[in-house]
Amino acid sequence: MRRSLAGAVSAVLVAALTGCQAGPDDPPDVAASQLPSSDTNPVDRSELAQGGTLRWGINDFPAQWNPHHANGTVSTVGTVMEALLPTPFDLDTDARPRPDPDFVEDVDVRAEPQQTVTLRLNPDARWSDGTPITWRDYAQMAEALSGRDPEYQINSATGYQQITEVTRGADDFEVVIAFDRPFADYPALFHPLLPAAYTATPERFNTGYLDDIPVTAGPFTLEETDRTARTVTVVRDDDWWGEPALLDRIIYRAMGPDALDSAFQDGGVDVYALAIDAGSYERASSVPEGEVRAALAPDYRHITLNGESPALSDVDVRHAVFLGIDRTAVAESAFSAIGWPATVPNNRLLLPNQQGYADNSGPWGRHDPERAAELLEGAGWTSDGPGEVRTRGGTPLSLRYVVPQGFQPARNEAELVQAMLGDIGIQVEIEAVPADELFSGYVVPGNYDLVSFVNNGGGYPVSQSMQQWSDAVPDADGSPQWRTNVGRIGSPEIDAALAEAMATLDAAQALASVNEADRLLWEAGHTLPLYQRPELVAVRRDVANLGAAGFAAVDYDDIGFVE
């Protein structure tokens with residue numbers, strides 16, 4: 001019998017309370033770390049029905065479907081494109097990488113005289129246009145993502161910058177990747193792979209997957225995108241060389257959070273990721289033929305501060321914001337009605353249930369309104385009395401907190417922060433913006449002061465997020481180009497620590513460098529972690545091999561309905 005979320009949490013809390021007492025140096029989330037790593041209703045594909053349509057609710061409808069483009073980093077792109085593009089390596093539930101035999105049959109790694117990774121490709125693998133997947137796809141993609149040509153609007157050059165060359169091995173189906181220095185996270189590269197024709201030029205890279213998904217290579221292929229109906233429909237690819245997909249099709253439907261709740265209740269969608277919201281959880285849990293599958297998510301929610309906004313360009317003001325927010329209260333408010341333990345992480349790169357986690361917050365991770373007031377006074381922001389807005393030179397200390405329209409948990413969270421910062425004399429104006437324009441219209445161009453969203457984690461804590469923390473690079477005209485560091489805060493020292501973490505094959509040394517990078521990020525006032533999230537997915541009970549997957553990859557070809 002499947003346990004409910006509340007039952008799972010209760011069992012964990014009982015185990016934690018009746019077991020060993022936590023010591024002062026233990027992570028604060030002993031209970032949370034014992035929660036399931038994955039909850040997907042696993043059923044062998046031989047026991048599942050052939051065919052059927054799965055209706056999958058998503059919360060936005062991106063224009064850019066290239067996952068490696070700077071505007072293609074939203075989670076919805078990954079959700080859809082994982083079914084359609086090659087992934088040479090997948091992660092298991094313990095975040096261990098393994099080659100996907102549908103694309104890579106064998107791997108050979110050599111450290112001397114330089115690191116070389118040789119991939120033996122599956123010769124049956126084909127793009128949807130009939131072109132074989134060969135070493136050329138890897139070589140051209142490595143060049144496009146190397147960062148050497150600024151016309152490519154890439155999300156990240158991490159790892160690709162270290163590649164000296166990608167060459168043909170024994171035949172077209174052997175890829176030899178040479179690095180100029182050790183890069184332990186090589187399985188994170190080429191995830192997902194794009195066809196060479198769409199990385200050959202900046203124009204094809206930037207626009208080839210804009211409002212379209214022209215070429216695929218997965219168990220499903222595109223049937224249509226409908227921007228008016230806000231749907232993407234994918235169908236079983238009959239030319240797929242692996243285990244055929246059980247489902248006939250998947251229809252992804254983009255809707256706001258409240259609309260997704262209603263659609264699940266009335267049968268309009270079969271699966272969707274729940275917000276951390278008591279109302280959504282209660283509505284989804286009340287559906288007789290549905291359930292909420294829950295696991296510890298490899299991600300956390302945070303507040304990003306825009307380091308280029310006038311007030312927040314001062315690190316003392318950023319630190320005052322940190323100290324003025326009671327993160328435990330924010331987490332408890334988010335989780336109070338669903339019985340989830342409030343886990344406040346003090347690390348941006350490692351979660352409390354991951355090996356090597358350390359609290360690097362120093363003086364900046366606690367709630368200390370008195371110290372926050374001292375910092376603001378020292379920065380020249382003065383107040384006429386308690387509760388009064390601080391000013392400097394006649395200018396009020398006011399910050400714009402951007403939230404997505406129709407997402408009540410984000411509004412509630414912003415109002416809590418608004419009250420907390422108001423207590424130290426910082427005025428917060430909450431601005432609701434269209435949900436599907438939050439990133440493209442506000443976060444990416446820096447049109448905000450404060451914004452909250454989720455950092456999606458993975459098995460590669462540095463390489464998958466390095467560009468988010470990296471210092472600016474000069475653009476063609478010499479102006480700073482922040483790529484995906486939307487906080488616009490960085491330093492050469494942070495970059496050096498991150499580079500050191502990736503350039504060693506010694507796990508202990510890598511973790512030490514990861515924690516040093518995080519300590520420097522605290523000192524720089526870059527991003528305030530709020531809480532580690534549970535992954536909550538509302539699913540029809542008869543859907544198998546789908547739900548809260550945690551670190552693990554979803555096998556889209558094995559998703560099906562219980563007969």
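Looking at S280 and D261, their side chains do bring a donor and an acceptor atom within 3.5 Å of each other. Side-chain contact check for N41 and E291: no donor-acceptor pair (N or O, by modelled atom type) lies under 3.5 Å. A side-chain N or O of T207 and one of E203 form a donor-acceptor pair less than 3.5 Å apart.
Contact annotation: the side chain of R45 approaches that of P244 to within less than 4.5 Å [non-hydrogen atoms, C-beta and beyond]. In this structure the side chain of V234 never reaches within 4.5 angstrom of the side chain of T216, judged on heavy atoms. The side-chain heavy atoms of R400 and N447, taken from C-beta on, include a pair separated by under 4.5 Å. With a 4.5 Å cut-off on side-chain heavy atoms, F561 and L54 count as touching. Side-chain contact check for V321 versus L528: every heavy-atom pair is 4.5 Å or farther apart. Taking the side chain as every heavy atom from C-beta outward, V451 and V486 never approach each other to under 4.5 Å. W127 is listed as a side-chain neighbour of V215, based on a closest heavy-atom distance under 4.5 Å.
A salt bridge does not link D92 to R98: none of the charged side-chain nitrogens sits closer than 4.0 Å to a carboxylate oxygen.
Applying the side chain to side chain contact (heavy atoms under 4.5 Å, CB included) criterion to A435, with sequence neighbours excluded, gives P404. In this view, Y272 and F264 satisfy the ring pair (Phe, Tyr, Trp, His ring centres under 6.0 Å) rule, not counting sequence neighbours. Not counting sequence neighbours, the partners of F439 by the ring pair (Phe, Tyr, Trp, His ring centres under 6.0 Å) test are F453. Taking the ring pair (Phe, Tyr, Trp, His ring centres under 6.0 Å) definition, one finds that F407 meets it with nothing, sequence neighbours left out.
The only option from I133, T87, L85, T199 that meets the side chain to side chain contact (heavy atoms under 4.5 Å, CB included) definition with L193 turns out to be I133.
Applying the side chain to side chain donor-acceptor pair (under 3.5 Å) definition to pairs two or more places apart or across chains, those involving residues 401-415 are R301-E413, Y401-S452, Q408-N412, E413-S452, E413-Y531. Sorted by first and then second residue, the side chain to side chain donor-acceptor pair (under 3.5 Å) pairs involving residues 60-72 (not counting sequence neighbours) are D60-T76, H69-Q153.
Taking the six-membered ring where the residue is Trp, Y209 and Y198 present perpendicular rings, their angle passing 60° and hence far from 30°.
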